[in-house]
Each structure stands twice: as C-alpha cells, then as structure tokens.
Enquirer: 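Below is the structure I would like to discuss, written out as structure tokens.
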Amino acid sequence: MTLANNVVVLDFETTGLSPDMGDRAIEIGAVKLVDGQVVDSFQALINPGQRVNSFIEQYTGISNQMLKDAPRSNVVMGQFTEFIAGFNLVAHNASFDKKFLDAEFSANKLSYSGQFACSLLLSRRISQEAPNHKLGTLIQHHQLANDGVFHRALADATMTANLWLHQVSLLQQRLPTQQITLDIINKISRLPKAKIANFFQTIK
DNA sequence: TGCCAGGCCCTCTTTAGGGCCTT
C-alpha cells in the first residue's frame, strides 16, 4: 500500500504532442514528496537532437540556443531513473507525460516500476465546480502557491505537487477514516462521474 | 504521396462525433 503523499510529481516540456510522430522531450522537472513534504527536486534541459519550432520556443521560453549545449536524453534519463527509483509517479494529464517517459526510457533501454496517477482525472471527479481543469486554472481556483512561472518543467511540476497535496487533503476531509492511497485515488479517477457521490457515501 | 496525437468522457451514444487536456 502506497500513501498518496509519497510520490514523485513530474512534468515534461517537449517539441510537440506526440512521441509517435517524432517529438522529443526538451526538459524534465520533478519534485519528490515524502509524507507530503518536498524533500528533493530534479530539473534538466535535454538536447533533443532536432530544432525546436518557434511555437514551442515561445510557449516554453526554451530556445534552441539553450538546448544546444544541454545533455542528451540518455544522460538525463539515466539520472532520472535513479531519482524516481522506488516511487510512484504523478502528473497533470499523466497520459501525456507517461507516453514521453516511456518513449525516452525505451529509447535509452531504461525502465521503471512505479505506477502513474493523474491530477487531471482526479480533478474532474472531485472538483467538478472548477471552471475547467487546466493546471493554471486549478492553481488559481484552489488559491494555491505559485511563482508565476508557467510551462517550465520544474515550475509546473511544483504547481502540480501543490495541487496534488491539496487534492489529497480534500479527499482526507471527505474520507476521514480512510488512508488516502494511490490505489484509492486511481479508483476514484476511473469512476463515472455519476457514481462519485455514491462512492463517497459507501466508502466513508 | 500525403496524411498526421491520443486518452478520456459526455451525449442528440454504442453503426459516432466532438470537446477537453497535455507540448
């Protein structure tokens, strides 16, 4: 059983939306949570071996000049393997970050054993009052700390970690006698919305 | 050659379409 406040929260910046279409990671950021406290962080630019288009340069603030002398994926992912060893993983829209993590790990013959959880799927279940479920909107909606930096990997991972811990505390309030585990969160994240209220009644 | 993401989720659904999220 893994408690939900012992995880690594990660975020990728990439050249585009799809590794299957040749897109690559250009930055990874992550924070390690132990007992709900940030105990370590990871940030690295990654030279993707291809030019980044102007949209991505503008969107992330990461320029081709910045990536020119950055380490390659094999170096960064090797270090990141050690960073996440023994931890489960959280990301906002985790399916996106998981497919890039899997692609970069596969390209470098690396592997990991942690399971993923998704703050976006959870938000759609437990924060249905939010105007939408974009990371920036949810940070504002829940009045969570941020440094005003968006679309950089460590800043987004840190904001996602703040959101995640807030979500865990919301769940703990609704389920005061339950230990909030990753398994419970992943179960909630897959429930049809119509069954959410009933779930909280029966499990409490 | 020319095309180009994809998983989740809702609904005017399941013989489908379209919005939401991520870069």
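Letters A, B, ... are given to chains in the order of the sequence lines, protein chains preceding strands, and every chain is numbered from 1.
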Enquirer: Which whole number of Å gives the distance between the C1' atom of B/dT13 and that of B/dG18?
Expert: 12 Å

Enquirer: Thinking salt bridges, do A/Glu13 and A/Arg152 make one under a 4.0 Å N-O criterion?
Expert: no

Enquirer: Assign A/Leu135 to base, sugar-phosphate, or nothing according to its heavy-atom contacts below 4.0 angstrom with the strands shown.
Expert: sugar-phosphate

Enquirer: Quick one: which of B/dG7, B/dA5, B/dT23 gets closest to the side chain of A/Ser18?
Expert: B/dA5

Enquirer: Rounded to whole Å, how long is the line connecting atom CG of A/Asp23 with atom P of B/dC4?
Expert: 15 Å

Enquirer: Of the nucleotides B/dC4, B/dC21, B/dT23, which has the atom closest to the A/Arg124 side chain?
Expert: B/dC21

Enquirer: Using whole Å, what does the distance between atom C1' of nucleotide B/dT22 and atom CE of A/Met159 come to?
Expert: 13 Å

Enquirer: Is A/Asp102 paired with A/Lys98 through a side-chain N to carboxylate O contact shorter than 4.0 Å?
Expert: yes

Enquirer: What is the distance, to the nearest angstrom, from the CZ atom on A/Phe116 to the C1' atom on B/dG7?
Expert: 14 Å

Enquirer: Could you check which residues of residues 7-17 of chain A get a heavy atom under 4.0 Å from DNA chain B? Sort them by number, please.
Expert: A/Asp11, A/Phe12, A/Glu13, A/Thr14, A/Gly16, A/Leu17

Enquirer: With DNA chain B as reference, determine whether A/Ile26 or A/Leu121 sits nearer its 5' end, using the nearest nucleotide of each.
Expert: A/Leu121

Enquirer: Taking only the side-chain heavy atoms of A/His151 (C-beta and beyond), determine which of B/dC21, B/dA5, B/dT23 contains the nearest atom.
Expert: B/dT23

Enquirer: Within the 4.5 Å heavy-atom criterion, are A/Lys99 and A/Asp20 side-chain neighbours or not?
Expert: no

Enquirer: Classify the angle between the aromatic ring planes of A/Phe105 and A/Phe80 as parallel (below 30°), tilted (30 to 60°) or perpendicular (above 60°).
Expert: perpendicular

Enquirer: Do A/Lys32's NZ or CZ and the ring of A/Phe42 fall within the cation-pi criteria of under 6.0 Å and 45°?
Expert: no

Enquirer: Could you tell me the separation between the NE2 atom of A/His133 and the C1' atom of B/dC20, rounded to a whole number of Å?
Expert: 9 Å

Enquirer: Do A/Leu10 and A/Phe96 belong to the same hydrophobic cluster, where Ile, Leu, Val, Met, Phe, Trp and Tyr are linked whenever their side-chain heavy atoms lie under 4.5 Å apart, directly or via other members?
Expert: yes

Enquirer: What integer distance in Å separates A/Gln128:CD from B/dC20:P?
Expert: 16 Å

Enquirer: Scan residues 182-198 of chain A against DNA chain B and write down, sorted by residue number, each residue with any heavy atom closer than 4.0 Å; if none is found, say none.
Expert: A/Ser189, A/Lys193

Enquirer: Can you find a side-chain donor-acceptor pair between A/His141 and A/Glu129 that sits under 3.5 Å?
Expert: yes

Enquirer: On a whole-Å scale, what distance lies between the C1' atoms belonging to B/dC12 and B/dG17?
Expert: 10 Å

Enquirer: Just so I know, are the side chains of A/Arg24 and A/Glu104 near enough to count as touching, which here means a heavy-atom distance under 4.5 Å?
Expert: yes

Enquirer: A/Asn132 has an atom CG; how far is it from atom P of B/dC10, in whole Å?
Expert: 16 Å

Enquirer: Nearest whole angstrom, please: distance from the P of B/dA5 to the CG of A/Asp102.
Expert: 20 Å

Enquirer: Mind checking the C1' distance from B/dT23 to B/dC4? Whole angstroms is fine.
Expert: 16 Å

Enquirer: I need the residues from residues 45-56 of chain A with at least one non-hydrogen atom less than 4.0 Å from DNA chain B; give them sorted by number, or say none.
Expert: A/Phe55, A/Ile56

Enquirer: Distance check needed: B/dT23 P versus A/Phe96 CZ, whole Å only.
Expert: 6 Å

